[in-house]
Amino acid sequence: MRAALVGIDFGQGDFAASVEELNLLARSAGAEPVTVITAKRSAPDAAYFVGSGKADEIGQAVLADRIEIVIFNHALSPAQQRNLEKRLNIRVLDRTSLILDIFAQRAKSHEGKLQVELAQLQHLATRLIRGWTHLERQKGGIGLRGPGETQLETDRRLIGERVKALRARLAKLRKQHETQRRSRNRTQTFSISLVGYTNAGKSTLFNAVTKAGVYAADQLFATLDTTSRRVYMGEEVGNVVLSDTVGFVRELPHQLVAAFRATLEETIHADLLLHVVDAASPVRMEQIEQVNLVLKEIGADHIPQILVWNKIDAADLEPSVERDEYDKISRVFLSARTGEGLDLLRGAITEWAKAAPNARLQQPYDTEDTQEELEEVESSPTLTDVGSH
């Protein structure tokens, strides 16, 4: 699908990196970016976000390049999206809708699909009025709507009922996850979660440490399903539980953060976070900040972190560790793809696990381990991801 990408520079952050990320998001969704239209503004236009003149320029590009869809690198209001579609006579997507579409494509597990559907419906509920007159007509109804109920009211009511049902099913799944966590807590198994910006290489690192074979690709949000594995870290520590969780992205839609709370809770209950960073990215410090913002939003900002600088082979760095002022390992430099520095990471995990206040160090076949711990635990997405390195 031939796409035109639109980005407006409001003078905040790295605009070029943001546009490049939109390009990757569009390609991840299956679109083919043909042209990129940019502009500078001090504030969004109320009617078209970009202003009428720039909207006409986009319309000319649509005709000249045979564009099939226009994708904005921003969140559009329902009115702005409706006005643009009417003026351009073509489908318009904003950043939130694009990310939701990618998640809908990538969700594989039952819970993942439920969470994506919930996020989509919550987003759709704000955009039912799209300029189509059939939504405003009075219609009679048999079985679906009451006397005099408009189509718009019916749509809202049906969406509300579906959202309620989805929340109930997700609440049930959250209870199941809590049971599994309590089982791990009874044996006081040291729990580690991988977090990081999308495409930083979390799933590749997860595979390198656990040999799990989780799908990994050099694209944004290659997988959305969280996977947990027990890993034997040697006689000193025994087993730890390692979870490959979410891949974050700047301006992550709030609907996703809310809908994927069940998966994010795996992060909240971890004893240690491995914050995976793309060492070769020129905007890595901004990406670290974005991840920390989401961690704060979900209440996981108090959990100790090790910054794992991945892809050192692409950044021309050497494997090493850095310690903070308390002599605790704070950074590990490695390459998940080549395996350089993985021994340093295992050593760092061992050191943190041994220092954990309540962790009972297990033997590889501890008789008190429950069956749930021995099995793969798959929950669903959140802002997930995978990297090539």
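The salt bridge (Lys or Arg N to Asp or Glu O under 4.0 Å) test applied to Glu322 returns Arg331, not counting sequence neighbours. By the salt bridge (Lys or Arg N to Asp or Glu O under 4.0 Å) test, Glu340 pairs with no residue at all, sequence neighbours left out. Here Glu289 pairs with nothing under the salt bridge (Lys or Arg N to Asp or Glu O under 4.0 Å) rule; sequence neighbours left out. In terms of the side chain to side chain donor-acceptor pair (under 3.5 Å) criterion, Arg2 has no residue partners (sequence neighbours excluded). With sequence neighbours excluded, the residues forming a side-chain contact (heavy atoms from CB on, under 4.5 Å) with Ser320 are Phe333, listed by chain and number. Every residue two or more places apart in sequence or in another chain was checked for a side-chain contact (heavy atoms from CB on, under 4.5 Å) with Glu318, and none qualifies.
Screening residues 272-282 for salt bridge (charged side-chain N to carboxylate O under 4.0 Å, His left out) gives Asp278-Lys311 as the qualifying pairs, with residues at least two apart or on separate chains. Each side-chain hydrogen bond (donor to acceptor under 3.5 Å, both in side chains) pair with one or both residues in residues 71-80, not counting sequence neighbours, appears once here: Ser18-Asn73, Asn73-Arg95, Ser77-Gln80. The stretch residues 77-98 participates, sequence neighbours left out, in no ring-ring contact (aromatic ring centres under 6.0 Å, His included) pair at all. For residues 54-72, the side-chain hydrogen bond (donor to acceptor under 3.5 Å, both in side chains) pairs, not counting sequence neighbours, are Lys54-Glu57, Asp56-Arg87. Listed by first and then second residue, the side-chain hydrogen bond (donor to acceptor under 3.5 Å, both in side chains) pairs that reach into residues 35-45 come to none, sequence neighbours excluded. Residue pairs that meet the ring-ring contact (aromatic ring centres under 6.0 Å, His included) test with at least one member in residues 13-44, sequence neighbours left out, do not exist here.
Within a 6.0 Å radius of CG in Asp324, other residues, nucleotides and ligands contribute more than 12 heavy atoms.
Going from atom CG of Leu345 over to atom CD1 of Ile192 covers 8.0 Å, rounded to the nearest 0.5 Å.
The backbone N or O of Lys328 sits nowhere less than 3.5 Å from a side-chain atom of Glu351 that would complete a donor-acceptor pair.
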